[in-house]
There are 2 protein chains.
Amino acid sequence: MNNDAMQPIPLPTIRRFPEYLRFVEDKRLAGEEWISTTEIGAAIGRKSVVVRKDLSYSGVAGHPRRGFRLEELAPALRRSLGWDNATDAFLVGVGSLGQALLGYGGFANYGMRIVAAFDCNDDITGGSMAQSQIFPIQKLPQLAKRMNVKLGIIAVPQDVAQSVANILVDAGIRGIWNFAPVQLDVPSNVVVRREDLSHGLAVLSYQLREECETIRPE
Amino acid sequence: MNNDAMQPIPLPTIRRFPEYLRFVEDKRLAGEEWISTTEIGAAIGRKSVVVRKDLSYSGVAGHPRRGFRLEELAPALRRSLGWDNATDAFLVGVGSLGQALLGYGGFANYGMRIVAAFDCNDDITGGSMAQSQIFPIQKLPQLAKRMNVKLGIIAVPQDVAQSVANILVDAGIRGIWNFAPVQLDVPSNVVVRREDLSHGLAVLSYQLREECETIRPE
DNA sequence: TAGATTGTTAATCGATTAACAATC
DNA sequence: TAGATTGTTAATCGATTAACAATC
């Protein structure tokens with residue numbers, strides 16, 4: 001019944017889960033009780049059969065003719081994502097990107113909470129921003145141990161990203177969300193996820209040009 | 001020889017192109033002349049055969065025993081991406097995310113230039129930020145036509161994203177880079193690319209939990 | 001030459017899609 | 001019941017990987 005360590009969920013499915021969750025939560029707040037995969041698909045732009053296949057991994061069963069019970073589906077999606085208990089995270093680098101991440105209030109919905117920020121610039125350490133204190137990077141190891149933090153966010157310039165990663169790993173961090181455009185070198189038991197805007201922009205640029213060219217006849 | 005409208009390039013390949021380009025540019029600046037796919041793969045964490053297959057789409061031929069000529073490869077990658085001529089773009093929404101995007105200097109490398117920003121908040125319109133003037137959103141249509149801008153970036157809250165998209169489309173914008181977590185409804189000839197941090201965080205959370213669980217024996 | 005490298009073809013893998021049976 | 005919906009199995013599609021020939 002429960003899917004801990006049962007079958008692994010394909011990553012494309014995992015990527016779609018947050019969209020389902022967002023829609024499902026909206027509907028629940030709107031007071032609905034049931035939702036069909038047809039409706040979910042229409043809302044987020046996917047075929048209903050994809051939604052149905054994906055939801056089967058959540059462990060929740062649907063009801064023919066009615067769909068899925070929202071009260072069941074929302075927590076199941078959250079659990080599958082590991083978002084049922086918010087994970088504490090450290091942010092390293094309080095430049096413009098770091099500030100945007102600190103200012104973004106939505107991470108609570110994504111099972112994450114930034115509990116402290118770090119920087120090497122003395123002008124901003126000691127202060128706080130969006131309810132997070134900013135510490136000098138030297139304090140990271142002791143605070144990571146004391147607060148038992150396992151997730152680190154790297155929002156520093158490219159050239160110091162690897163050294164920040166080393167500090168995080170030494171401090172016992174198990175997962176890194178990396179916003180620097182560098183391939184980090186870490187032990188195999190540390191999970192790294194790299195966020196790279198150039199990927200999305202590449203696809204957009206390519207499709208944009210393609211679109212223009214298919215228009216021109218010849 | 002040249003690959004305009006020749007065979008379409010697979011999107012996974014397009015997504016990897018910026019990484020190749022970054023590395024290739026570094027090597028070129030370092031004064032190197034040749035680069036092998038083995039070396040590129042090692043640097044960015046891919047198998048050399050993937051790199052080789054991908055580079056074949058760029059239209060550049062390698063040389064057995066030496067690899068690829070950097071002077072040829074860099075411009076070819078740029079061209080394939082449509083990054084050979086910088087595209088002018090409008091940014092809509094100058095909140096914390098919008099400010100981070102304006103402040104980020106790296107888009108020039110990605111073939112894009114933010115030429116103006118728009119917001120509906122009177123307190124910031126009229127001013128400027130990171131060399132971009134901030135205009136009231138009402139000015140967007142006339143400026144889009146005058147400056148012939150075809151790319152729009154949406155960095156506004158969820159609930160106004162669709163209405164901003166409508167404004168952009170009416171103003172003749174052909175591509176939208178959407179940072180709001182909403183499925184935009186636009187005509188089929190407008191290309192939309194949605195950037196959604198929750199996807200990456202979902203994968204990270206899932207892998208992080210999986211990692212912890214595979215450790216535990218039983 | 002020997003061997004590192006490119007480039008291509010065939011095999012594999014995994015996700016999406018199509019088709020359809022099961023359910024209330 | 002009829003029909004909307006779930007859920008599953010088989011077919012398709014496309015990308016990755018493996019194997020190997022070609023080149024200098």
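These values consider heavy atoms only, across backbone and side chains, with no hydrogens, waters or symmetry-generated copies. Protein chains get the first letters and strands the later ones, always in sequence-line order, with residue 1 at the start of each.
For Thr38(B), taking side-chain heavy atoms from C-beta onward, the closest of the listed nucleotides dT6(C), dA15(D), dA18(D) is dT6(C). Picking from dA15(C), dA4(D), dG3(C) the nucleotide with the shortest atom distance to the side chain of Arg65(A) gives dA4(D). In this structure, the nucleotide among dT6(C), dG3(C), dA18(C) sitting nearest to the side chain of Ser36(B) is dT6(C). With dT5(C), dA15(D), dA18(D) as the candidates, the nucleotide lying closest to the side chain of Pro64(B) is dT5(C). When the nucleotides dA18(C), dT6(D), dA15(C) are ranked by their closest atom to the side chain of Lys47(A), dA18(C) comes out on top.
Between the CG atom of Asp54(A) and the C1' atom of dT8(D) there is a distance of 15 Å, rounded to whole Å. Rounded to an integer number of Å, the gap from Tyr57(A) OH to dT6(D) C1' is 16 Å. Atom pair Leu55(B):CG and dT8(C):C1' shows a separation of 15 Å (rounding to whole Å applied). In this structure, CD1 of Ile9(B) is placed 14 Å from P of dT16(D), rounded to the nearest angstrom. Taking atom CG of Leu11(A) as the reference point, atom P of dG14(C) lies 12 Å away to the nearest angstrom. The CD1 atom of Ile40(B) sits 12 Å away from the P atom of dG7(C) (whole-angstrom rounding). The nearest whole Å value for the distance from the CD atom in Glu72(A) to the C1' atom in dT6(D) is 14 Å. Nucleotide dA15(D) holds its P atom 14 Å from the CZ atom of Arg46(B), rounded to whole Å.
Nearest-nucleotide mapping onto DNA chain C: of Val50(A) and Lys53(B), the residue sitting toward the 5' end is Lys53(B). The 5' end of DNA chain D is approached more closely, in terms of each residue's nearest nucleotide, by Arg66(A) than by the other of Val49(B) and Arg66(A).
Comment: Glu32(A) does not engage Arg69(A) in a salt bridge, judged by the lack of any side-chain N to carboxylate O separation of less than 4.0 angstrom. Salt bridge status for Arg16(B) with Asp196(A): absent, with no side-chain N to carboxylate O gap under 4.0 Å. Ion pairing of Arg78(B) with Asp84(B) is absent here, as no side-chain N (NZ or NE/NH1/NH2) approaches a carboxylate O to less than 4.0 Å. Taking a cutoff of 4.0 Å between a charged side-chain nitrogen and a carboxylate oxygen, Glu33(A) and Arg28(A) do not qualify as a salt bridge.
Residue Arg16(A) is classed as a sugar-phosphate contact, given heavy-atom separations below 4.0 Å to backbone atoms only.
dA22(C) is paired with dT5(D) under the Watson-Crick or G-U wobble criterion, all donor-acceptor distances under 3.5 Å. Nucleotide dA11(C) forms a Watson-Crick or G-U wobble pair with dT16(D), both donor-acceptor distances falling under 3.5 Å.
Looking only at distances, a side-chain donor or acceptor of Asn178(A) sits under 3.5 Å from a matching main-chain atom of Val182(A).
At least one side-chain nitrogen or oxygen of Thr37(B) sits closer than 4.0 Å to the OP1 or OP2 atom of dT6(C). Proximity of Arg52(A) to the phosphate of dT6(D): a side-chain N or O atom is located under 4.0 Å from OP1 or OP2.
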